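Model, not experiment: these values are computed from the prediction.
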Amino acid sequence: MEYLGALAQARDAFSRTEPSQGEYIRHGIVSVTVALDVHTGQVVMEELKRNDSAHFIRFLARLQRCIPTGLTIHLILDNGSSHTSKATRAWLKRHPRIVPHYTPKHASWLNQVEIFFSLLARAVLRHGDFSSRTDLLEKVSDFAIVHNETACPFRWNYDGRPRQAGDEPAAAKEECHAR
C-alpha cells in the first residue's frame, strides 16, 4: 500500500502547476534577426513576429534603406527556411545589391554573427530570469545597444593548422600578475 502512496505522490508532483525550487516558468520565446557589420562589429537587430520569409524580407528591405546606396551588401546566411524560400530568393533576385552567401549545413560557425549570438547567450540568456516575453526582448535589445557602443570587429586568426603548445603570442607568455 505504501508503494501505491509513493506513486500517487510522484504523479501529483509531475502534475503540479506551481514550479518548485529550481524550476522556471516559460513565458514564451523571442525570435530576432541580426545583421553584423564586419568592419565595425556593430549589429542591427530586429524582432521577428514570425520566423518566416515575409518578416525576413522586411528586415532585408530595412538593411537596404539603412546602408549607403553605393555599397554592396554581402549577407552570410544559414540554410533556414526563411533565408532560402522562393519568396526570399525572388526578392533577392530583384535586389542585386544584396548578395547572399550560404554557409554549408552544420557550419554556422563560419558566420561571424554567431559570435554575437554567443556573447548574447553568455551575458543575458544563460542565467537570465525574465518575468515576461517583453522583459526578455527588452534585455536582448539593451544588450545589442550596449554592444554597439563598444563594438569592434571580430578578429579571426585561424591559419588552417591545429594549435600547438607554444603558439601563443609573445604577450600572452609574459607574466600578467601585478608586481
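One distance of note links CD1 of Ile76 with CD of Glu114; it measures 11.5 Å at 0.5 Å rounding. If you take OG1 on Thr88 and CG on Leu77, they are separated by 9.0 Å, rounding to the nearest 0.5 Å. How far CG of Leu137 is from CG of Asp142: 9.5 Å, rounded to the nearest 0.5 Å. For the atom pair CE (Met45) and CG (Leu120), the distance works out to 7.5 Å, reported to the nearest 0.5 Å. Atom-to-atom distance recorded for Thr33:OG1 and Asn51:CG is 8.0 Å, nearest 0.5 angstrom. Ile145 contributes atom CD1, which lies 12.0 Å from atom CD of Gln42 (distance to the nearest 0.5 angstrom).
Not one N or O on the side chain of Asp78 forms a donor-acceptor pair closer than 3.5 Å with the backbone of Thr103. Within the 3.5 Å criterion, the main-chain N or O of Thr72 finds no donor-acceptor partner in the side chain of Arg97.
Under the side-chain hydrogen bond (donor to acceptor under 3.5 Å, both in side chains) criterion, His55 pairs with Asp52, Arg58, sequence neighbours left out.
Criterion: ILVMFWY side-chain heavy atoms under 4.5 Å apart, direct or through other members. Under it, Val38 and Phe154 are part of a common hydrophobic cluster. Note on Leu60 and Val44: same hydrophobic cluster, where clusters join Ile, Leu, Val, Met, Phe, Trp and Tyr whose side-chain heavy atoms are under 4.5 Å apart, directly or indirectly. Ile57 and Leu75 fall within the same hydrophobic cluster, defined by Ile, Leu, Val, Met, Phe, Trp and Tyr side-chain heavy atoms under 4.5 Å apart, directly or through other members. Connection of Phe59 to Ile67 is established within a shared hydrophobic cluster, with ILVMFWY side chains joined at heavy-atom distances below 4.5 Å, either directly or through further cluster members. The hydrophobic cluster containing Tyr102 also contains Ile73, counting ILVMFWY residues as joined when their side-chain heavy atoms lie under 4.5 angstrom apart, directly or transitively.
Few gaps surround CZ on Arg94; more than 12 heavy atoms of other groups in view lie less than 6.0 Å from it. For His106, the NE2 atom sits in a loose shell: 12 or fewer heavy atoms of surrounding residues, nucleotides or ligands are nearer than 6.0 Å. Around atom NE2 of His74, more than 12 heavy atoms belonging to other residues, nucleotides or ligands sit under 6.0 Å away.
Looking at heavy atoms from C-beta onward, Ile115 lies out of side-chain contact with Leu36 at the 4.5 angstrom threshold. Between Ile98 and Gln64 there is a side-chain heavy-atom pair separated by less than 4.5 Å. Using a 4.5 Å cut-off on side-chain heavy atoms (C-beta onward), Leu125 and Val140 make contact. For the pair Phe117/Val32, a side-chain contact is recorded, criterion being any heavy-atom separation below 4.5 Å from C-beta on.
When all heavy atoms are compared, the tightest approach of Asn79 to Pro104 is ND2-C, 4.1 Å.
In this structure, His83 and Phe56 have tilted ring planes: the angle between them lies in the 30° to 60° band.
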